[in-house]
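Remarks on the structure that follows.
Numbering starts at 1 and runs along the sequence shown.
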Amino acid sequence: MLKRGFLAGSMVLLLSVGAGCVAEIDGGEDEEMLAESSFAMSRLNGMNLNGVRFNGVRFNGVRFNGVRFNGVSLDATTLVGTRDGDGAPVAGADFIGADIEAVLDDGSSVAVRITNVVERDGLLYYTVKYNAGPGVWVNICGEGLDAIPVKGTWDAVTGAHSDDGGMFTFACQGAAIGKCAEWGYREWVAEAECNASGCEDRDLSYFHQACIRMVRADYCGDGVPHTQTGTAIDVWDALGIQTETVGSGMSLEAEWTADGAACVKHTRWKGPGGSNPDRDYIMAHCPERWAGDDPSCGGVGSTFHKENGFTTPLGQRRLLRNASFTTNVSPR
């Protein structure tokens, strides 16, 4: 399926949270909304990880009209807990009006407020705002955008995921963390994969991590993106959650693991005059990932295929593939 978007689009908070054919379109340095391209069944990808500058949201920092909610946790994308005093259960829309402690990059805290909760396609979306001044509440994701809560936090520099059980991330629509959940890589789900000898449950958190690296063209898995807003890519995976778009006119760009690209056939963008700064970056920082004309990248022997990868640990397996055009020349 074709997509476009950024990694930016999630709230870096200490209460951290954060089918079919998909062709992606990537994004640039700024936060980008999830948008549909002119391709059928297409979306856009991008560079930003989460979109807001929080480091996570604390599960134990939730109050509603001064009353603390205890034992707050995530069940998929549903916030659940109990009300202090009478022990009444609360979940989902019960959190509308709740103030939550979010943590900033410098370790300080700020209160954000959930102002609406809606369900779409099996996900709960939360409208989350922060107080920008007396009577002024501003959407953390941008006007008209909602956030999906996802367990754990992401390092803004390396893109690495951490889950200590105490925080979640509010992943904004249009940024990589939220997009990958919307595209079907729901880290709280296990998907069955079968071969002639039986079936195994596959933890989709690995696919979610690989998707985040792929959306940002984070080839070396070091947090450095190599994409621009509005770049079309086609994305498919080893389980068939997303499938390859026939006749897209694109060629295989890379195979992806949770640690970045396992092999790169070509970069998403080139420089003017035949230069290729993104390839140069790969050759300088992770040259073993540059496949060039090596036919094993994208070939039948790859662990992407269950014939070879069924017994490969998910942390090492090639889980996603993407294709892109090879004529994109950066205007920079």
| task | State which residues pass side chain to side chain donor-acceptor pair (under 3.5 Å) with Thr303; sequence neighbours excluded, sorted by chain then number. | result | none
| said: Going by the rule side chain to side chain donor-acceptor pair (under 3.5 Å), which residues pair with Asn116 if we only count those two or more places apart in sequence or in a different chain? | reply: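 Result, side chain to side chain donor-acceptor pair (under 3.5 Å) vs Asn116: none returned.
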First locate atom [atom1] of [X], then atom [atom2] of [Y], and finally report the distance between them rounded to the nearest 0.5 Å.
X: Arg317; Y: Arg202; atom1: CZ; atom2: CZ; value: 5.5 Å
X: Arg268; Y: Ser324; atom1: CZ; atom2: OG; value: 6.0 Å
X: Arg213; Y: Leu319; atom1: CZ; atom2: CG; value: 13.0 Å
X: Glu193; Y: Cys199; atom1: CD; atom2: SG; value: 9.0 Å
X: Ile177; Y: Ile212; atom1: CD1; atom2: CD1; value: 5.0 Å

| query | Between Tyr125 and Arg120, is there a cation-pi geometry (under 6.0 Å to ring centre, at most 45° from the normal)? | reply | yes
| field | Cationic tip of Arg321 above Phe304 ring, under 6.0 Å, 45° of axis | value |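 Pair Arg321/Phe304 counts as cation-pi.
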| Taking the six-membered ring where the residue is Trp, are the ring centres of Trp256 and Tyr219 under 6.0 Å apart? |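 Here the rings of Tyr219 and Trp256 have centres that are less than 6.0 Å from each other.
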| request: Pick out which of Lys265, Arg289, Arg318 makes a side-chain hydrogen bond (donor to acceptor under 3.5 Å, both in side chains) with Glu255. | output: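 That would be Arg318.
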| Do Asp222 and Tyr281 meet the criterion of a side-chain donor-acceptor pair at a distance under 3.5 Å? | yes
| query | What is the ring orientation for Tyr185 with Phe207, classed by angle as parallel under 30°, tilted 30 to 60°, or perpendicular over 60°? | reply | parallel
| said: Restricting to salt bridge (charged side-chain N to carboxylate O under 4.0 Å, His left out), what partner residues turn up for Arg83, sequence neighbours left out? | reply: Asp86
| request: Output, in order, the C-alpha distance, side-chain angles, deciding distance and verdict of side chain to side chain donor-acceptor pair (under 3.5 Å) for Asp234 and Ser248. | output: CA-CA 8 Å; Asp234 190 29; Ser248 69; 4.5 Å; no
